[in-house]
Protein chains: 2
Amino acid sequence: MDQRHASALKAAGMKATPKRLAILEMLEAEPGYASPEELWKRLKDRFDRLGLPTVYRNLEELSQSGVLSKVIHPNRQLYYYFCSNREHHHHFVCLSCRKVEDIPACGIEALEQEVSKRNGGKVLSHILQLNGLCGGCADNGEKR
Amino acid sequence: MDQRHASALKAAGMKATPKRLAILEMLEAEPGYASPEELWKRLKDRFDRLGLPTVYRNLEELSQSGVLSKVIHPNRQLYYYFCSNREHHHHFVCLSCRKVEDIPACGIEALEQEVSKRNGGKVLSHILQLNGLCGGCADNGEKR
DNA sequence: CCTCTAAATAGAAATGAATTCGTTTTAGAA
DNA sequence: TTCTAAAACGAATTCATTTCTATTTAGAGG
């Protein structure tokens, strides 16, 4: 059992169940983002019983807790990835091979302040994501 | 018939059908973003026959052409809004009353260049959206 | 003003990702 | 070890969105 993941779960106020640990392990080993169904298909071998709803539920809870991140994908399906960078930052996601690269936080926090001040509203969250093709995929024009 | 919208459609290489014009009119009159089904329900009165798929199809085509914009909503349903600002910019969307406010473009273009240069990939698009509560909604704590 | 054709629409049916729900199992505190 | 709230099961369901084939129509070119 991976103590790092168990601690992360405990810190998030979640029980460290074998299935949650397996989800985290699998996603950490993943080079990019993955869909709930893909993860489920692979994890099924390791448990005699594992429901797809369990995978959905845990991925969502884990992303709520900040242990995982969610991709905003043009096809509007759910994808998650494991990102160990605990600083506030953003991502460049490859639409072809699914690789995820960190982008250091730019001036969004300042922008939030600005918007709040000027319009009187309250910014609850922001989305900043660059979509494209990573170096490798851009070269050989691959698409999936 | 609204000549502005007819021209916009022509410029986008799309036929100026009555239904497309009605969709644009209705969305322009809207104070915020709206869902395909909401628009359909209201537009049905003005046409003896109007299919929901037609509304979906047109909203998607219009947003592809840049005539309309799409909201990235946490509930993952589709919402569109009419934005006459033709400059490149971003939005603050209220999750409560659905108002949309413009945000002048920040340094994202520079960030795209940076990412391309450093990682060798190609940025095809970016998402920047601030989610929150507008002035009015933040005040009275309304939610919907 | 007609004609004609590619584009647009109808509308029923299908899709399928995501979720619900009542029951059973289990992690972990006491 | 006991006990309970949390987690998981999994079949069934939901419902927003899309597909498909037949029909209609906008608008270019006579």
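Chain naming here is simple, since letters A, B, ... match the order of the sequence lines and numbering starts at 1 in each. Remember, predicted model here, so these are calculated numbers, not experimental data.
- Atom CD in B/Q77 sits roughly 6 Å away from atom P in D/dA16 (whole-Å rounding).
- A/F47 carries A/K19 over the face of its six-membered ring, with the cationic atom under 6.0 Å from the centre and within 45° of the normal.
- Using a distance-only test at 3.5 Å, with no hydrogens or angles considered, a donor-acceptor pair links the side chain of A/Q129 to the main chain of A/I72.
- In this entry the distance linking OH of B/Y80 with P of D/dA16 reads 14 Å, nearest Å.
- Each of B/R20, B/K10, B/E28 was scored for a side-chain hydrogen bond (donor to acceptor under 3.5 Å, both in side chains) with B/H5, with one residue passing: B/E28.
- Cluster annotation: B/Y81 is not connected to A/I127 through the hydrophobic network of ILVMFWY side chains, with a link wherever side-chain heavy atoms come within less than 4.5 Å.
- A/E30 and A/R98 are not joined by a salt bridge, as no carboxylate oxygen comes within less than 4.0 angstrom of a charged side-chain nitrogen.
- Phosphate contact (OP1/OP2 of C/dA18, side-chain N/O of A/Y56, threshold under 4.0 Å): present.
- The phosphate of D/dC9 (OP1 or OP2) has a side-chain N or O of A/K19 nearer than 4.0 angstrom.
- Across the protein-nucleic acid pair, A/R20 atom CZ and D/dA6 atom C1' stand 8 Å apart, rounded to whole Å.
- Taking atom CG on A/L9 and atom P on D/dA7, their separation rounds to 10 Å, with Å as the unit.
- Look at B/N58 and you'll find a side-chain N or O under 4.0 angstrom from OP1 or OP2 of C/dT9.
- Atom pair A/L50:CG and D/dA11:C1' shows a separation of 15 Å (rounding to whole Å applied).
- In this structure, the CD atom of B/Q64 is 14 Å from the P atom of C/dA8, given to the nearest Å.
- Taking atom CG on B/D48 and atom P on C/dG11, their separation rounds to 9 Å, with Å as the unit.
- To the nearest angstrom, C1' of D/dT19 lies 13 Å from CG of B/L52.
- Using modelled atom types, no side-chain atom of A/H91 and backbone atom of A/V93 make a donor-acceptor pair closer than 3.5 Å.
- Taking a cutoff of 4.0 Å between a charged side-chain nitrogen and a carboxylate oxygen, A/E25 and A/R46 qualify as a salt bridge.
- Along DNA chain D, the nucleotide closest to A/R76 and the one closest to A/E61 are compared, and the more 5′ of them pairs with A/E61.
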request  = Summarise protein proximity over nucleotides 21-30 of chain C in one line of letters, 5' to 3': B for base, S for sugar-phosphate only, - for none, counting protein heavy atoms closer than 4.0 Å.
outcome  = ------BS--
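- Residue contacts for A/L78: at a heavy-atom cut-off of 4.0 Å it reaches the sugar-phosphate backbone alone, with no base atom in range.
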